[in-house]
Amino acid sequence: QVQLVESGGGLVQPGGSLRLSCVASGSGSLFSINDMGWYRQAPGKERELVAGVTGGGRTNYAAFVKGRFTVSRDNKKNIMFLEMNNLKPEDTAVYSCHADGLYGMGPSLTSFDSWGQGTQVTVSS
């Protein structure tokens, strides 16, 4: 299937920056990604959308990160980024990449809905 791997998380002080990456790859299959998004889940809280990019390139952001985070996507390389600036302690969470689309081998074509394992972002002084 399609696998997603996040990287770039770590420990940063308030006001600092991090750049997260999500790389999508297929297990020997051709695939086409439709929508991609970054989600986060803090301890004791529900998972929430942070930012997303549609297949058409339109971006959307959660209100609490608008103006601080920037999501981008390289469709040819199947990579999505999240540039996080002016980080706040409230941003501490596991950030996970999500993607959906189609993949197939030979005549078979199947939809997929994949999550990465996540990368920890900790904002603390």
Side-chain angles (χ1 to χ4, degrees):
Q1 202 185 8
V2 176
Q3 308 295 322
L4 305 177
V5 179
E6 304 96 337
S7 63
L11 175 64
V12 64
Q13 293 185 344
S17 300
L18 287 172
R19 186 176 192 238
L20 307 183
S21 299
C22 172
V23 180
S25 62
S27 299
S29 64
L30 298 175
F31 63 94
S32 177
I33 299 175
N34 185 19
D35 299 335
M36 299 187 75
W38 287 101
Y39 294 75
R40 71 185 187 187
Q41 186 168 24
K45 301 188 67 176
E46 296 182 353
R47 184 169 58 195
E48 60 187 353
L49 174 68
V50 178
V53 188
T54 69
R58 185 175 298 277
T59 60
N60 64 291
Y61 298 89
F64 48 83
V65 302
K66 188 68 178 289
R68 299 189 296 124
F69 294 4
T70 302
V71 63
S72 60
R73 176 177 170 182
D74 186 330
N75 293 326
K76 294 183 178 180
K77 296 182 178 180
N78 297 125
I79 302 175
M80 180 177 64
F81 302 98
L82 183 66
E83 295 187 359
M84 311 166 68
N85 299 310
N86 192 24
L87 284 161
K88 306 177 185 298
E90 308 92 89
D91 296 319
T92 296
V94 175
Y95 285 71
S96 300
C97 175
H98 177 264
D100 59 48
L102 300 171
Y103 76 95
M105 293 183 179
S108 180
L109 190 64
T110 307
S111 63
F112 72 89
D113 186 340
S114 298
W115 288 92
Q117 185 173 317
T119 183
Q120 177 70 49
V121 172
T122 302
V123 184
S124 176
S125 60

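Here the structure is a predicted model, which means the values were calculated and not measured. These values consider heavy atoms only, across backbone and side chains, with no hydrogens, waters or symmetry-generated copies.
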Could you pull out the closest heavy-atom pair between A51 and L82, with the gap in Å? CB-CD1, 4.2 Å
Atom CD of Q120 and atom CG of L11: how far apart are they, to the nearest 0.5 Å? 9.5 Å
I need the minimum non-hydrogen distance between M36 and A99, along with the two atoms involved. CG-CB, 4.0 Å
In terms of hydrophobic clusters joined by side-chain contacts under 4.5 Å, are L87 and Y61 together? yes
Please find the pair of heavy atoms, one from T110 and one from S108, that lie closest to each other, and give the distance. OG1-OG, 3.8 Å
For residues F31 and I33, determine if any side-chain heavy atom of one lies less than 4.5 Å from a side-chain heavy atom of the other. yes
Checking D100 now: which residues fulfil side chain to side chain contact (heavy atoms under 4.5 Å, CB included) with it, not counting sequence neighbours? N34, D35, H98
Please identify each residue that fulfils side chain to side chain contact (heavy atoms under 4.5 Å, CB included) with S7, with sequence neighbours left out. S21
Same cluster or not: are W38 and V12 linked, directly or through other Ile, Leu, Val, Met, Phe, Trp or Tyr residues, by side-chain heavy atoms under 4.5 angstrom apart? yes
Among all residues two or more places apart in sequence or in another chain, which pass the side chain to side chain contact (heavy atoms under 4.5 Å, CB included) test with L102? L109, S111
At their closest point, which heavy atom of G52 faces which heavy atom of V71, and how far apart are they? O-CG1, 3.8 Å
Linked hydrophobic residues, Y39 as query - side chain contacts closer than 4.5 Å: L49, W115
Please check if the side chain of T119 supplies one atom and the backbone of G9 the other of a donor-acceptor pair under 3.5 Å. yes
For S17 and N86, which heavy atoms make the closest approach, and how far apart are they? OG-N, 4.3 Å
Just so I know, are the side chains of T92 and S124 near enough to count as touching, which here means a heavy-atom distance under 4.5 Å? no
Okay, side chain of R73, backbone of T54: is any donor-acceptor separation there less than 3.5 Å? yes
Working to the nearest 0.5 Å, report the span between OG of S114 and CG of L4. 5.0 Å
Evaluate F69 against N85 for side chain to side chain contact (heavy atoms under 4.5 Å, CB included), listing each step before the verdict. CA-CA 6 Å; F69 294 4; N85 299 310; 5.8 Å; no
Closest non-hydrogen atom pair, A93 against A42: CB-N, 3.7 Å
Can you find a heavy atom in the side chain of K88 that is under 4.5 Å from one in the side chain of P14? no
Under 4.5 Å side-chain heavy-atom separation, chaining through any Ile, Leu, Val, Met, Phe, Trp or Tyr, what else clusters with V23? Say none if it is isolated. I79, F81
Would you find a donor on one side and an acceptor on the other, under 3.5 Å apart, between the side chain of E46 and the backbone of Q41? no
My understanding is that only residues two or more places apart in sequence, or in another chain, count here; which of them pass side chain to side chain contact (heavy atoms under 4.5 Å, CB included) with V121? L18, L20, M84, Y95, V123
To the nearest 0.5 Å, what is the distance between CZ on R68 and CD on E83? 14.0 Å
Looking only at atom types and distance, does a side-chain atom of E6 sit under 3.5 Å from a main-chain N or O of C97, one as donor and one as acceptor? yes
Taking side chain as C-beta onward, heavy atoms only, is V65 less than 4.5 Å from R40? yes
